[in-house]
Amino acid sequence: MGKKSVTLLPKTGKILEQMGEQIRLARMRRKISVALAAERAGVSRASVWAVEKGSAAVAIGIYAAVLHAISGMDTDLLKVAADDELGQKLHDIELLKKYHPEKRTPQNNHYRNAKNRQSKLA
């Protein structure tokens with residue numbers, strides 16, 4: 001089975017590149033060689049280099065393994081989407097709709113009453 005090509009939005013590609021650079025810097029600050037990181041992660045040196053370049057073709061499991069090899073940094077993956085403000089707001093709106101139905105206003109009542117009158121006349 002051949003490798004699949006991944007098409008990303010330019011902004012997403014830049015985010016991956018930045019993440020790769022941050023992983024590389026974290027490894028270098030700890031004075032861990034690429035060979036040692038690869039050995040600890042159980043991957044090839046080429047995979048570590050691909051992670052550090054922010055390659056979209058690298059499986060997330062390899063990213064996690066490399067992060068773990070750099071002093072257990074894989075726990076940082078738990079921060080991904082942990083603080084989903086937009087999702088929380090959308091969920092809250094749905095909850096409010098469910099438990100607080102639309103308030104009746106004179107305009108709503110007028111429409112409903114007119115509709116009921118029409119159905120009775122027909």
Side-chain angles (χ1 to χ4, degrees):
M1 182 177 198
K3 288 187 177 183
K4 294 181 182 178
S5 122
V6 179
T7 305
L8 297 176
L9 294 172
K11 186 175 180 180
T12 305
K14 293 287 184 192
I15 290 169
L16 282 176
E17 287 174 12
Q18 182 180 350
M19 185 174 72
E21 183 178 334
Q22 290 170 345
I23 292 170
R24 179 175 173 264
L25 290 171
R27 176 185 59 77
M28 292 173 73
R29 283 190 295 263
R30 288 164 178 75
K31 299 185 182 342
I32 298 171
S33 69
V34 171
L36 181 57
E39 183 181 328
R40 287 180 179 178
V43 299
S44 68
R45 288 180 301 165
S47 292
V48 174
W49 289 322
V51 165
E52 291 181 352
K53 288 180 183 175
S55 172
V58 176
I60 193 164
I62 293 176
Y63 273 92
V66 170
L67 284 167
H68 183 74
I70 304 172
S71 303
M73 293 183 68
D74 53 329
T75 56
D76 288 349
L77 290 171
L78 294 173
K79 296 175 185 175
V80 175
D83 191 20
D84 182 14
E85 290 180 31
L86 176 61
Q88 188 66 44
K89 287 178 183 177
L90 292 171
H91 182 69
D92 291 348
I93 289 168
E94 287 301 314
L95 289 175
L96 289 174
K97 284 182 184 177
K98 183 176 180 181
Y99 294 107
H100 299 288
E102 179 184 328
K103 292 183 179 179
R104 292 188 180 187
T105 63
Q107 294 83 6
N108 289 345
N109 287 335
H110 175 71
Y111 174 75
R112 287 187 186 122
N113 291 336
K115 192 174 179 182
N116 287 336
R117 276 189 240 122
Q118 285 177 351
S119 64
K120 288 180 183 177
L121 294 174

Q: Tell me, with the steps shown, if Leu8 and Leu16 meet side chain to side chain contact (heavy atoms under 4.5 Å, CB included).
A: CA-CA 10 Å; Leu8 297 176; Leu16 282 176; 3.5 Å; yes

Q. Given Gln22 and Leu25, is the side chain to side chain contact (heavy atoms under 4.5 Å, CB included) satisfied, shown in steps?
A. CA-CA 5 Å; Gln22 290 170 345; Leu25 290 171; 5.7 Å; no

Q.
Checking Tyr63 against Ile23 for the side chain to side chain contact (heavy atoms under 4.5 Å, CB included) test, could you report, in this order, the C-alpha distance in whole Å, the side-chain angles of both residues, the deciding distance, and whether it holds?
A. CA-CA 9 Å; Tyr63 273 92; Ile23 292 170; 4.0 Å; yes

**Q.** Pair Met73-Arg30, side chain to side chain contact (heavy atoms under 4.5 Å, CB included): steps then yes or no
**A.** CA-CA 12 Å; Met73 293 183 68; Arg30 288 164 178 75; 3.8 Å; yes

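A distance of 11.0 Å separates CG of Leu90 from CG of Leu95, quoted to the nearest 0.5 Å. A distance of 9.5 Å separates NE2 of His68 from OG of Ser71, quoted to the nearest 0.5 Å. Taking CD1 of Ile70 as the start and CZ of Arg29 as the end, the distance is 9.5 Å to the nearest 0.5 Å. A distance of 7.5 Å separates CD1 of Ile62 from OG of Ser44, quoted to the nearest 0.5 Å.
Judged as a side chain to side chain contact (heavy atoms under 4.5 Å, CB included), and not counting sequence neighbours, Ala82 has no contacts. Ile60 is linked by a side chain to side chain contact (heavy atoms under 4.5 Å, CB included) to nothing, counting only residues two or more places apart in sequence or in another chain.
Nearest heavy-atom pair across Val58 and Ala50 is CG2-CB, 3.5 Å. Counting all heavy atoms, side chain and backbone alike, Ile32 lies closest to Arg27 at O-NH1, 2.8 Å. Between Ser33 and Leu36, the shortest heavy-atom distance links the atoms OG-N, 3.0 Å. Closest non-hydrogen pair, Val48 versus Ala37, comes out as CG2-C, 4.3 Å. Annotation for Ala69 and Ala41: closest pair CB-N, 3.8 Å, computed over non-hydrogen atoms.
Side-chain contact between Glu17 and Lys14 is present, with at least one heavy-atom pair separated by less than 4.5 Å.
Looking at Asp92 and Lys89, no side-chain N of the basic residue comes within less than 4.0 Å of a carboxylate O on the acidic one, giving no salt bridge. A salt bridge is absent between Lys53 and Glu21; no separation between the charged side-chain nitrogens and carboxylate oxygens falls under 4.0 Å.
By the criterion of side-chain heavy atoms lying less than 4.5 angstrom apart, applied directly or through intervening Ile, Leu, Val, Met, Phe, Trp or Tyr residues, Met28 is not grouped with Val34; the two fall into different hydrophobic clusters.
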